[in-house]
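Sequence lines set the chain letters: A, B, ... in the order given, protein chains first and strands last, and positions in each chain run from 1. None of the values given here were measured: they were computed from a predicted structure. No hydrogens, no waters, no symmetry mates; every other heavy atom, side chains included, goes into these values.
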There are 2 protein chains.
Amino acid sequence: MKLTRISAIRRKELRQAAFAVLQSEGVAGATLEKVAAAAGASKGIVLHYFRNKQELFEHAMREANAVLRDTVIARLKQAKTPMQRIDAVIDGNFEPHLFQPSVCHAWLSLCAEVPRDKKLERIQTVIHARMRSNLMSGLRDLAPLQQAEEIALVVTALIDGFWLRLGLGPDSISREQAISEVKAVVTAKLMAATQASKGRPGP
Amino acid sequence: MKLTRISAIRRKELRQAAFAVLQSEGVAGATLEKVAAAAGASKGIVLHYFRNKQELFEHAMREANAVLRDTVIARLKQAKTPMQRIDAVIDGNFEPHLFQPSVCHAWLSLCAEVPRDKKLERIQTVIHARMRSNLMSGLRDLAPLQQAEEIALVVTALIDGFWLRLGLGPDSISREQAISEVKAVVTAKLMAATQASKGRPGP
DNA sequence: CTATAAATTGTCCCATGGGTCAATTCTTGA
DNA sequence: TCAAGAATTGACCCATGGGACAATTTATAG
C-alpha cells in the first residue's frame with residue numbers, strides 16, 4: 001500500500017512548509033494559504049492532512065524538535081568523555097543550520113503560543129527535559145549531583161538566552177561566541193564547585 | 001487645557017490594557033475589541049487614540065519597558081558598591097511583579113513580533129543596551145574591560161533565558177533560584193577572571 | 001480494464017477583526 | 001448658559017482566513 005507512503009511524505013512536506021512560513025511570517029501572519037503556497041499545494045490539501053491549523057503547527061514544532069534532537073544525538077554518539085558529552089550538547093544546539101535568525105524567529109513564535117496550547121507545552125517540556133538529561137549524562141561524572149543539576153539548569157537557560165538574542169538581533173551574537181561563552185560558564189562553575197568556597201570577590 | 005490630561009490618561013490605560021490582553025491572549029489572539037473590553041471602553045476609542053493596532057502594541061511594549069526600566073533604576077539608586085549595582089540589576093529584573101508567568105507570556109509575544117516590526121526591534125535594542133550598560137557600571141570596577149563585557153553578555157542572556165523558562169513553564173523556576181543562579185554565575189566568572197588560568201577541569 | 005479509494009483542487013460559507021465615519025454625549029472656557 | 005471642540009459610541013464596510021465540501025483527477029488493486 002502506497003497510501004501510507006504518500007501521506008507520510010505529504011505530511012512531512014507540510015510540516016516543514018509550516019515551519020518555513022513561521023520563520024518569515026511569525027505566528028500572527030502564518031496562514032494556511034501561505035503554508036500551502038510554500039509547499040506548492042492548495043489550501044485544501046493542508047486541511048486534508050491536518051485536522052486544523054493548530055494541529056498543523058503542533059506537528060511543525062514536533063518536526064523542528066526532531067531535527068534538534070537528532071543533531072544533538074549525532075554529536076553525542078561521537079563523545080567519549082563526560083566533558084565531550086557536555087560539549088556535544090552545547091555544540092549541537094548551536095549548529096550552523098539551527099542557529100539562524102530565521103529559525104530562532106520560528107521557535108520564538110512557537111514558544112509564544114505555548115501557554116495557550118497544551119500540545120506545544122508538552123513538546124517544550126520534552127525539549128527541556130531532554131536537554132537537561134543529555135547534559136546530566138556528562139555532568140554527573142564531573143560534579144556532585146546538586147552542582148551538576150545547577151549547572152545543567154544554567155546551561156539550558158543560557159542556550160535559550162542566546163537563541164532569543166539571535167532571534168531579536170541577527171548580528172547580536174555569533175555562533176562561535178555563544179559556544180565559547182556557554183563553555184566558559186561550564187568551566188567556571190566546575191572550577192568553583194571543585195575548590196573550597198572563599199566568599200564573593202570584589203569590594 | 002485638560003485635553004492633554006485626559007488623552008494622556010486614556011492612552012496610558014489603553015497601553016496597559018493592551019499589555020494585559022497580550023498576557024492572556026498572546027499576539028495571535030490580541031484583538032482591538034479585547035483591548036477595548038479590558039479597558040472598559042469601545043473599540044472606536046482605541047483607534048481614536050492610536051493610529052492602528054501596530055502602534056498600540058508598540059506603545060504597550062514601551063510602557064512595559066518603562067516599568068522595567070524604572071524598577072531597575074530604583075534599585076540602582078540604593079546601590080553603593082559596584083557589586084551592589086550588579087545585584088540591583090539582577091534583583092530588579094526578577095522583581096515579583098515582573099517575574100510572573102503572565103508577564104513573561106506578554107513579553108514573549110512581543111519579542112516574537114520583533115523581527116517584523118522596526119519599532120519593536122528598536123525598543124528591544126534599547127532594553128538590551130540599557131541592561132548591558134547598567135551591568136557595566138558595576139562590572140567595570142571588578143574586572144578588566146574585556147571580561148566585564150563578557151560577563152555582561154552572559155548575564156543578560158541568562159536573565160532572558162530564565163524569563164523564557166518562566167514563560168514556558170510557570171513552575172519551572174522560582175524567583176529566588178533564578179536570582180541565586182545568576183549571581184552565582186557572576187561570582188564564578190569573577191573568580192575565574194581573578195585567578196590564573198589552569199585549563200579546564202575534568203578528565 | 002475497471003471499480004474503488006485516495007489525492008487534490010477550487011469554490012463557497014461565514015465569523016472575525018481592522019479600520020472608517022457620522023452621530024451623540026461630555027467638557028470647558030468665555 | 002451656550003457654543004466649540006473633544007471624548008466616545010455604535011453601526012458599517014470589507015478583506016482575510018479558517019474550515020467544509022463537492023467535484024475532479026490520479027493511483028491502486030483485482
Legend entry - Working for salt bridge (Lys or Arg N to Asp or Glu O under 4.0 Å), residues B:Glu121 and B:Arg116: CA-CA 8 Å; B:Glu121 185 185 14; B:Arg116 278 162 294 279; over 6 Å; no
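Rounded to whole Å, atom P of C:dG17 lies 9 Å from atom NZ of B:Lys43. Here the C1' atom of nucleotide D:dT26 and the CZ atom of A:Arg10 are 12 Å apart, to the nearest Å. Atom NZ of A:Lys53 and atom P of D:dG17 are 9 Å apart (whole Å). Per the geometry, CG belonging to B:Leu47 stands 15 Å off C1' belonging to D:dA7, to the nearest Å. Look at NZ on B:Lys34: it is 17 Å from P on C:dA15, rounded to the nearest Å. The interatomic distance linking A:Glu33 (CD) with D:dG19 (P) rounds to 12 Å, in whole Å. In this structure, A:Gln54 atom CD and D:dG17 atom P are separated by 18 Å, rounded to whole Å. Atoms OH (B:Tyr49) and P (D:dT9) sit 10 Å apart, rounded to a whole Å.
Rounded to the nearest 0.5 Å, atoms CZ (B:Arg51) and CG (B:Leu56) are 12.5 Å apart.
Residue B:His48 places no side-chain N or O under 4.0 Å from the OP1 or OP2 atom of D:dT8.
Counted within 6.0 Å of NZ on A:Lys53, heavy atoms from surrounding residues, nucleotides or ligands total more than 12; the atom is thus considered enclosed.
Shown here for B:Gly92 and B:Thr71, the closest heavy-atom pair between the two residues is O-CG2, 3.8 Å.
In this structure, B:Ala30 reaches the sugar-phosphate backbone alone: every heavy-atom distance under 4.0 Å involves primed, P, OP1 or OP2 atoms, never a base. Using a 4.0 Å heavy-atom criterion, one finds that A:Leu32 contacts the sugar-phosphate atoms exclusively.
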